[in-house]
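This structure is a prediction, so every number in the text was calculated from the model and none was measured. In this chain, numbering begins with 1 at the start of the sequence shown.
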Amino acid sequence: GEASLAEASVAAPPSPPPGFGVETPMPGREREYEAFKAQEQAGFVPGPAYAPPPIDAERKSRSPGLRNNFYDVPTSDFKRPYGTGRSAPPSAPGRP
């Protein structure tokens, strides 16, 4: 009765068919795949590491994150409404 139901639910899942998960080239790109595999077997030696291009003044002026280190800005500055300055502008002497 109950024991046979428990045993049936614990049975191992069926094994995958032979060749399941084997890497194969995309149709139409067999030559490119063969070249890649040949390069991989030959011990590909990468070139120099990527170095980002220098950032010019014009780009810095358009990117506030390059001018200001946002890690140094307190979170409260980000939570204020847009358009408010860092502090209230000082009032001119003699003016209310």
What salt bridge (charged side-chain N to carboxylate O under 4.0 Å, His left out) pairs are there with at least one residue in residues 48-57, not counting sequence neighbours?
none
Under 3.5 Å donor-acceptor pairs involving side-chain atoms of residues 11-19, not counting sequence neighbours:
none

CZ/F78: more than 12 non-hydrogen atoms of other groups inside 6.0 Å
yes
Considering only NZ, NE, NH1 and NH2 on the basic side and carboxylate oxygens on the acidic side, decide whether E34 and K37 come within less than 4.0 Å.
no
Identify every side-chain donor-acceptor pair in residues 26-33 under 3.5 Å, counting partners at least two apart or on other chains, and give the distances.
{"residue": "R29", "atom": "NE", "partner": "E32", "partner atom": "OE1", "Å": "3.0"}
{"residue": "R29", "atom": "NH2", "partner": "E32", "partner atom": "OE1", "Å": "3.0"}
{"residue": "R29", "atom": "NH2", "partner": "E32", "partner atom": "OE2", "Å": "2.8"}
{"residue": "E30", "atom": "OE1", "partner": "G28", "partner atom": "N", "Å": "3.1"}
{"residue": "E30", "atom": "OE2", "partner": "G28", "partner atom": "N", "Å": "3.3"}
{"residue": "Y33", "atom": "OH", "partner": "E23", "partner atom": "OE2", "Å": "2.8"}

